[in-house]
K.L.:
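Sharing a structure with you now.
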There are 2 protein chains.
Amino acid sequence: MTIISFRLNENLFLKDPQNSELGQNIIRSSISLIDEIGFEHFTFKKLADKIESTEASVYRYFENKHRLLVYLIDWYWTWMDYKMDFAMQNLLTPEDRLRAGLKVIIEEKKPDPNFAFVDEQALQRIVMSEFDKTYLTKQVDLDNKEGLFIPYKTVCNKLACEIKKVNPAYQHPHTLISTIMLSANHQVFYAKHLPSLTDINGEKQVTYQKLYEFCEAIIFNSIK
Amino acid sequence: MTIISFRLNENLFLKDPQNSELGQNIIRSSISLIDEIGFEHFTFKKLADKIESTEASVYRYFENKHRLLVYLIDWYWTWMDYKMDFAMQNLLTPEDRLRAGLKVIIEEKKPDPNFAFVDEQALQRIVMSEFDKTYLTKQVDLDNKEGLFIPYKTVCNKLACEIKKVNPAYQHPHTLISTIMLSANHQVFYAKHLPSLTDINGEKQVTYQKLYEFCEAIIFNSIK
DNA sequence: CAATTACAATAGTAATACTATCATAAACGG
DNA sequence: CCGTTTATGATAGTATTACTATTGTAATTG
């Protein structure tokens with residue numbers, strides 16, 4: 001029953017969806033709808049029908065569906081950042097901290113009782129299939145200027161800093177981490193849909209375990 | 001003077017665009033238009049206006065814009081495959097072959113006189129920003145069944161085989177290669193638009209050189 | 001010369017991505 | 001308690017997108 005909520009970038013929304021029931025409904029239902037039909041087929045009309053509201057009402061919260069997607073994704077990375085802080089707490093060596101942070105990223109997410117209106121597992125699936133679409137656009141520079149990618153950059157930077165501490169001479173901590181983050185997001189998708197692109201397979205739990213080991217090996221083989 | 005052309009998967013098109021002037025025009029102009037405005041804003045109407053034809057005529061070649069994008073991307077990976085075969089020719093050790101293949105992937109593309117109606121540099125930019133969108137969809141399994149991702153998988157597999165030859169005991173050749181391929185596509189984008197995610201910067205030539213060295217190091221540190 | 005093909009021209013439809021206006025009920029402030 | 005803001009619903013309307021269908025005609029082929 002912790003009463004925390006994330007304060008996200010105000011450019012993301014017209015009205016904060018966390019402060020009203022309709023807003024929370026929009027978040028909850030957009031997660032399940034995007035998870036179900038994919039972002040391409042997702043429309044505010046379909047969402048409005050699902051929550052028995054109107055398109056116009058949804059538009060009062062989000063300028064367009066792209067901003068809504070970025071909102072969800074930013075929420076996810078802010079959540080990861082928060083979980084990483086917990087996981088890395090009290091660990092003394094940068095190696096341990098790095099491993100703990102990495103583990104947070106590469107594990108199957110469980111529902112977090114702190115956030116009642118977010119289905120974290122569905123959101124993780126959305127991040128895997130849709131995250132890249134938030135920045136692979138022509139407006140990336142404008143969106144970036146508005147700070148829309150800060151949560152992801154924060155997570156990456158936190159891990160890159162630990163790498164730097166493990167080996168201050170290593171020249172590519174950011175490149176290495178963003179490479180690993182990309183892979184962490186894609187390999188689970190490959191395992192499911194394009195298995196010839198990966199050697200990872202088996203049950204979900206096993207998938208994440210193997211993926212974690214793969215990523216850990218890459219990192220430590222590179223920086224030692 | 002073209003004496004070669006790639007025979008692409010027939011599921012990609014309704015009528016082969018390589019066999020007519022309008023078809024070639026569609027390819028040429030869709031590359032420049034997608035490069036210019038991005039795939040999201042690209043429509044058959046805009047393309048038709050650009051080539052002074054009609055929407056209906058474009059639809060005779062491609063079922064929809066997604067298939068057209070996959071066509072372009074498949075052409076690119078088929079081209080990469082072809083170039084890799086050349087580059088790896090006559091090299092005897094798997095290490096050398098791996099390096100040569102990787103170099104083909106990670107270098108700034110030059111216009112190839114073999115293919116008059118393709119702007120290879122624009123196409124490379126399209127691959128960097130749009131490739132992931134071809135498979136991060138709800139129809140991925142259907143598209144995969146139709147063989148739409150074969151060219152990419154072929155390229156990945158070719159490199160993974162060399163890894164296996166370098167070190168037959170290495171357990172993750174496919175995972176490693178698809179990780180590197182992802183990174184190769186994204187890091188150049190990061191360098192330009194999200195520089196805090198990478199340590200790579202500087203002039204284009206330098207960017208590719210640094211990126212190549214980074215990827216080579218990851219690979220050989222992992223498999224040795 | 002007949003028949004196919006390639007393509008332009010035109011029309012039309014359902015869905016998408018919005019914008020605008022108005023009514024009303026709840027909440028809130030003095 | 002009354003007036004005002006706020007939140008939402010209801011409704012309408014627009015330009016664009018993503019197609020499908022039909023027809024006419026010039027060029028190509030058999």
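Everything quoted here is computed from the prediction, not taken from an experiment. Lettering of chains follows the sequences in order, A, B, ..., and the numbering in each one begins at 1.
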K.L.:
Using 30° and 60° as the class boundaries, would you call the ring planes of A:His193 and A:Phe189 parallel, tilted or perpendicular?
P.N.:
tilted
K.L.:
Checking all strands, does B:Phe62 fall into the base, sugar-phosphate, or nothing category for heavy-atom contacts under 4.0 angstrom?
P.N.:
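The answer is nothing, as B:Phe62 stays clear of every strand by at least 4.0 Å.
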K.L.:
What is the per-nucleotide protein-contact pattern of nucleotides 15-30 of chain D, from the 5' end, where B denotes a base atom under 4.0 Å from a protein heavy atom, S denotes such proximity for sugar-phosphate atoms only, and - denotes neither?
P.N.:
--SBBBB---------
K.L.:
Expressed as a whole number of angstroms, how long is the span from A:Glu21:CD to C:dA26:C1'?
P.N.:
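Going from A:Glu21 (CD) to C:dA26 (C1'), I get 13 Å.
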K.L.:
Looking at A:Ser20, does any N or O in its side chain come under 4.0 Å of the phosphate oxygens OP1/OP2 on D:dT8?
P.N.:
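Yes, within the criterion.
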K.L.:
Send over the distance from A:Leu22 CG to D:dA10 C1', rounded to a whole Å.
P.N.:
14 Å
K.L.:
Just the rounded figure in Å: distance from P of D:dA7 to CG of A:Asp16.
P.N.:
11 Å
K.L.:
Using whole Å, report how far CG of A:Leu47 lies from P of C:dA17.
P.N.:
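Interatomic distance, CG of A:Leu47 to P of C:dA17: 12 Å.
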K.L.:
Could you label the plane-to-plane angle of the A:Trp75 and A:Phe115 rings as parallel, tilted or perpendicular, counting under 30° as parallel and over 60° as perpendicular?
P.N.:
perpendicular
K.L.:
In whole angstroms, how far is the C1' atom of D:dA10 from the CD atom of A:Glu52?
P.N.:
15 Å
K.L.:
In whole angstroms, how far is the C1' atom of D:dT8 from the CG atom of A:Leu14?
P.N.:
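Answer to the nearest Å: 15 Å.
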K.L.:
Using a cut-off of strictly less than 4.0 Å, decide whether A:Tyr61 has a side-chain nitrogen or oxygen near OP1 or OP2 of D:dT8.
P.N.:
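A:Tyr61 to D:dT8 OP1/OP2: side-chain N or O found under 4.0 Å.
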K.L.:
Parallel, tilted or perpendicular: which fits the ring planes of A:Phe62 and A:Tyr71, with parallel below 30° and perpendicular above 60°?
P.N.:
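Plane angle over 60°, so perpendicular.
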K.L.:
A:Ile37 CD1 to C:dA15 P: how many Å, rounded?
P.N.:
14 Å
K.L.:
Please work out whether the ring planes of A:Trp79 and A:Tyr76 are parallel, tilted or perpendicular, with thresholds of 30° and 60°.
P.N.:
perpendicular
K.L.:
Taking 4.0 angstrom as the limit, do B:Arg67 and B:Asp143 come out as a salt bridge?
P.N.:
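Judged by the 4.0 Å cut-off on N to carboxylate O distance, B:Arg67 and B:Asp143 do form a salt bridge.
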K.L.:
So, is B:Thr54 close to the C:dA9 phosphate, meaning a side-chain N or O under 4.0 Å from OP1 or OP2?
P.N.:
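No, B:Thr54 has no side-chain N/O under 4.0 Å of OP1/OP2 on C:dA9.
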K.L.:
Answer yes or no: does a side-chain N or O of A:Ser57 lie under 4.0 Å from OP1 or OP2 of D:dT8?
P.N.:
no
K.L.:
Can a cation-pi geometry be assigned to B:Lys65 and B:Phe44, taking NZ or CZ under 6.0 Å from the six-membered ring centre and within 45° of the ring axis?
P.N.:
no
K.L.:
Should A:Lys15 be listed as having a side-chain N or O under 4.0 Å from OP1 or OP2 of D:dT8?
P.N.:
yes
K.L.:
So how far is it from B:Ile200 CD1 to A:Thr175 OG1, rounded to the nearest 0.5 Å?
P.N.:
4.5 Å
